[in-house]
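Single-structure report; data block below.
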Amino acid sequence: MAIRVRFAPSPTGQVHIGNIRTAIFNYLFARHYNGEFLLRIEDTDLERSTPEAIAKLFECMEYLGLDYDGEVMYQSKQAASHIAAADELLKKGYAYYGAPDEEGRKPVFFRIPFDFANFPMIRTVGETEIVLHDGSETTVSASGISFFSLTAKGKAAPMACCLAGLADARYFDAEDKLIFDTAAVFDRILNGEHFKFTGAAKVKFTRHEVTYHDLIKGDMAKPLDGMKDQIIVRSDSSPVFHLANVVDDIAQGVTHIVRGDDHVENTYRHVLLFHALGHTLPDYAHMPMIVNAAGKPYSKRDGDAFVGDFRKKGFLPEALFNYLSLLGWSPGDDREKMTKQQLIEAFTFDRVKSSPAQLDMNKLINLNSQYIAEMKQSDFVDMAYTFYHDITGEDVAMDAFKPVAELMQSRTKTLGQVDSWKYFFSEDFSYDQKNCTKHLTNPEIRTALVEAVNALTQLGDFSPENIAKTIEKTELDHGLAHGKLFQPMRLAVTGVAGGADLNKTIALIGREKLAERVNSALLTFK
RNA sequence: GUCCCUAUCGUCUAGAGGCCUAGGACACCGGGUUUUCAUCCCGGCAACCAGGGUUCGAAUCCCUGUGGGGAUGCCA
């Protein structure tokens with residue numbers, strides 16, 4: 001069977017980094033097996049699903065090179081099929097109308113099935129009993145059972161579950177006398193009768209559980225007595241996520257559902273829904289979440305949480321794609337810097353971890369710098385040029401920009417750092433106060449500096465070689481050790497203590513600015 | 001509260017009962033190269049959550065506890 005997966009985001013304006021990682025894993029999996037990678041936009045929340053938000057989503061997909069197959073499905077256009085599915089469930093007895101809202105409209109509930117034999121994913125665990133708080137009331141009806149269990153501290157804890165969870169429950173009082181037998185009145189319950197009683201001290205029943213196999217987490221199970229029936233159509237007739245999601249997955253012929261960890265609980269219901277709708281189940285893979293330094297879900301409060309943030313900061317899509325692939329997955333060997341093709345070849349779900357991963361900005365930056373280092377120089381120049389303009393708002397001639405970018409590429413980790421190249425092009429840059437005070441206040445140095453500048457401005461050929469010779473000569477003339485003028489000169493001209501080769505830097509800045517800057521720096525720092 | 005998942009250096013991870021004195025990468029610290037910074041090279045620091053089992057032998061299997069996450073919506 002051909003593999004078919006989908007990425008099904010809600011367009012909410014920004015694409016979350018955890019979300020796009022899910023897309024990446026879907027993509028890697030599909031491409032690894034030569035399957036299809038579909039896109040479905042879950043735009044049922046009309047408030048937030050704006051055309052701009054959708055455009056942003058496409059932009060992110062394109063940025064990261066997540067090319068999808070076939071037509072995009074818009075969930076909002078599938079409402080009719082969702083309702084049809086609800087009707088089918090109603091007809092089959094797997095759904096029922098719930099209590100009406102203030103306007104008398106009724107929602108539709110999906111009933112956790114109690115015809116266990118028809119559901120192969122439901123299995124019998126065995127006889128179980130739960131201790132109840134016998135002073136509290138138990139309610140049994142077709143829409144579920146509510147009761148109070150007895151906590152270790154002797155308190156009553158409210159619980160609720162679907163009818164299926166306690167389908168054969170027998171309730172006993174403190175003297176062990178049977179006070180209510182569900183099976184005996186099952187038909188009456190289904191007919192709408194509500195039964196209420198107090199005094200139950202324990203309930204005995206056959207526990208059943210829903211099972212599914214997760215490609216990442218392994219065999220999973222959840223007891224029915226821990227599940228409640230779920231609304232699938234709201235009283236305003238709009239389909240709920242659970243229904244829409246499953247129906248759309250059926251419509252798109254999805255074979256593997258790869259999504260976040262937070263959907264594990266939903267899955268127990270979804271497999272039931274798939275089967276009740278008469279379809280074979282897809283395989284599931286639930287990915288661990290991305291968390292922040294405190295171990296909490298990574299959110300916008302943690303800084304860069306959206307794909308757009310990373311793009312803006314100057315991370316290359318290849319680096320971000322590579323890094324995100326490595327979060328919760330590894331190829332099994334020591335490779336880390338991998339091309340998309342290598343990632344596709346190496347990707348399998350059995351190598352995905354099932355515990356959450358923390359996003360490490362340092363590692364991302366390091367990986368990004370590796371990608372930048374091996375960029376074609378001309379590509380780097382072009383990209384840096386765009387970034388420089390976008391970040392500083394300054395227009396610089398390409399002729400002037402190009403040599404600077406070429407000089408700086410090897411020491412650039414993110415494109416966002418082009419901001420620090422300002423001293424090459426404008427006077428709008430800041431001085432490192434501490435270092436300037438340290439290096440520019442010595443009288444001997446100041447005198448030598450002025451003289452060096454005089455000599456430099458009179459240089460016929462303002463080349464890095466001549467600049468180097470001139471500075472060295474000045475040092476010699478003033479009895480200064482070789483290199484004594486180096487740091488003062490750099491600070492006076494660029495404002496900072498580090499940077500590319502000083503002579504090349506000065507050559508690029510030019511003799512006019514050189515003189516102005518040294519003079520003004522000497523006035524500022526005395 | 002209940003249910004589900006989870007637990008190896010600060011971080012991402014390797015590890016499927018003996019290949020583990022636990023490997024790699026990032027970060028950090030030291031050294032070399034660079035008259036500075038970055039790169040690069042060399043070296044170092046640093047972990048199996050705790051307690052019980054099973055076994056000749058456990059990071060690996062089991063149980064309990066603890067920590068973390070998720071779910072418990074007419075959100076998705």
Side-chain angles (χ1 to χ4, degrees), chain A residues 8-10 12 42 44-45 48 75 98-99 101 105-109 130 148-149 151-153 155-161 214 216-218 220-223 225-228 230-238 240-242 244-245 259-268 286 288-289 291 293-297 323 326-337 350-351 353-367 369-370 373 408-413 417 435 468 471-472 475 481-487 489-491 494 496-503 505:
Chain A
S10 300
T12 54
E42 305 210 329
T44 48
D45 184 344
R48 292 191 296 178
Q75 188 161 72
D101 64 7
R105 303 175 304 179
K106 295 174 176 174
V108 179
F109 277 80
I130 296 176
F148 291 80
S149 67
T151 67
K153 287 176 184 162
K155 294 257 172 68
M159 315 268 282
C161 80
D214 196 294
I216 293 171
K217 294 176 177 293
M220 307 283 281
K222 168 126 184 151
D225 50 295
M227 297 172 71
K228 287 196 276 188
Q230 167 73 41
I231 287 187
I232 51 176
V233 179
R234 299 187 187 89
S235 46
D236 67 358
S237 299
S238 62
V240 168
F241 162 76
H242 302 284
N245 198 257
R259 47 160 47 158
D261 232 349
D262 47 336
H263 283 295
V264 167
E265 298 283 325
N266 294 333
T267 306
Y268 298 110
H286 286 96
M289 313 198 81
V291 297
K296 306 282 180 203
Y323 178 72
L326 259 20
L327 223 45
W329 175 85
S330 80
D333 47 42
D334 286 342
R335 284 134 86 210
E336 292 203 328
K337 185 167 175 297
D350 55 5
R351 297 207 56 81
K353 296 245 302 181
S354 55
S355 49
Q358 213 169 297
L359 188 128
D360 183 2
M361 197 56 88
N362 279 324
K363 190 145 183 164
L364 209 207
I365 289 173
N366 178 277
L367 198 55
S369 69
Q370 289 182 50
M408 301 303 279
Q409 178 171 2
S410 69
R411 65 201 69 226
T412 302
K413 295 184 173 188
Q417 290 178 327
N435 269 313
I471 295 175
E472 277 171 42
E475 284 173 340
H482 175 59
K484 278 286 179 195
L485 236 33
F486 181 82
Q487 207 57 290
M489 184 63 90
R490 179 185 287 288
L491 282 158
T494 71
V496 287
D501 182 278
L502 179 61
N503 305 309
T505 302

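Every chain is numbered from 1 and lettered A, B, ... according to where its sequence line falls, protein lines coming before strand lines.
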Interatomic distance where [atom1] belongs to [X] and [atom2] belongs to [N] [whole Å]:
X	N	atom1	atom2	value
A:Lys353	B:rU11	NZ	P	11 Å
A:Tyr268	B:rC4	OH	P	8 Å
A:Asn435	B:rC37	CG	C1'	11 Å
A:Phe241	B:rC74	CZ	C1'	15 Å
A:Phe148	B:rU2	CZ	P	15 Å
A:Leu326	B:rA14	CG	C1'	12 Å
A:Ile365	B:rU39	CD1	P	12 Å

Distances for protein N/O vs nucleotides 70-73 of chain B N/O pairs under 3.5 angstrom?
unit_1: B:rG70; atom_1: N2; unit_2: A:Glu265; atom_2: OE2; d: 2.9
unit_1: B:rG73; atom_1: OP2; unit_2: A:Lys228; atom_2: NZ; d: 3.2

Measuring only the [atom1] atom in each nucleotide, how far is [N] from [M]? A whole number of Å is fine.
N	M	atom1	result
B:rC5	B:rC9	C1'	24 Å
B:rA59	B:rG18	P	11 Å
B:rG31	B:rG57	P	47 Å
B:rG24	B:rG68	C1'	26 Å
B:rC20	B:rA76	C1'	45 Å
B:rU8	B:rA22	C1'	8 Å
B:rG67	B:rC29	C1'	30 Å
B:rU33	B:rA46	C1'	27 Å

Strictly below 4.0 Å: does A:Ser330 bring a side-chain N or O up to OP1 or OP2 of B:rA14?
yes
Please check the phosphate of B:rA14 (OP1 and OP2 only) for any side-chain N or O of A:Arg335 closer than 4.0 Å.
no
Quick one: does [X]'s side chain have a donor or acceptor within less than 3.5 Å of a partner on [Y]'s backbone?
X	Y	answer
A:Arg351	A:Ser330	yes
A:Thr494	A:Val496	yes
A:Glu472	A:His482	no
A:Glu475	A:Leu485	yes

Side chain to side chain donor-acceptor pair (under 3.5 Å) partners of A:Glu265, counting only residues at least two apart
A:Lys222
Contacts of A:Asn435 that satisfy side chain to side chain donor-acceptor pair (under 3.5 Å) - sequence neighbours left out:
A:Asp432
Under a 3.5 Å cut-off for both contacts, is [N] paired Watson-Crick or G-U wobble with anything, and if yes, with which nucleotide?
N	result
B:rC28	B:rG44
B:rU39	none
B:rA50	B:rU64
B:rU2	B:rA71
B:rU34	none

Under 4.0 Å, heavy atoms only, any strand: does [X] hit a base, just the sugar-phosphate, or nothing?
X	answer
A:Ala160	nothing
A:Ala481	nothing
A:Met220	sugar-phosphate
A:Tyr323	nothing
A:Gly328	sugar-phosphate

Close side-chain approach of A:Ile130 and A:Asp225, heavy atoms under 4.5 Å:
yes
Side-chain heavy-atom pair A:Arg234, A:Asp101 within 4.5 angstrom cut-off
no
Would you give me the side-chain donor-acceptor pairs under 3.5 Å for residues 354-363 of chain A, sequence neighbours excluded?
unit_1: A:Asp360; atom_1: OD1; unit_2: A:Asn362; atom_2: N; d: 3.1
unit_1: A:Lys363; atom_1: NZ; unit_2: A:Glu336; atom_2: OE1; d: 3.2
unit_1: A:Lys363; atom_1: NZ; unit_2: A:Glu336; atom_2: OE2; d: 3.2

If you go through the side-chain atoms of A:Ser235, does one of them form a donor-acceptor pair with the base of B:rC74 closer than 3.5 Å?
yes
Distance-only donor-acceptor test, A:Arg411 side-chain atoms vs B:rU39 base atoms, 3.5 Å
no
Which comes earlier along RNA chain B counting from the 5' end, the contact point of A:Lys217 or that of A:Ala357, where each point is its nearest nucleotide?
A:Lys217
Given RNA chain B, 5'-ward residue of the pair A:Trp329 and A:Lys106, judged by closest heavy atom
A:Trp329
Nucleotide-resolved protein contact map, nucleotides 16-35 of chain B, B/S/- at heavy-atom distance under 4.0 Å:
--------BBBS-------B
Under the rule for side-chain contact (heavy atoms from CB on, under 4.5 Å), what residues qualify as partners of A:Thr151, not counting sequence neighbours?
A:Lys153, A:Lys155, A:Ala157
Shortest non-hydrogen pair, A:Ile216 vs A:His286, comes out as CD1-O, 3.4 Å
For the pair A:Arg259 and A:Thr267, evaluate side-chain hydrogen bond (donor to acceptor under 3.5 Å, both in side chains) and give the outcome as yes or no after the intermediate values.
CA-CA 10 Å; A:Arg259 47 160 47 158; A:Thr267 306; 3.0 Å; yes
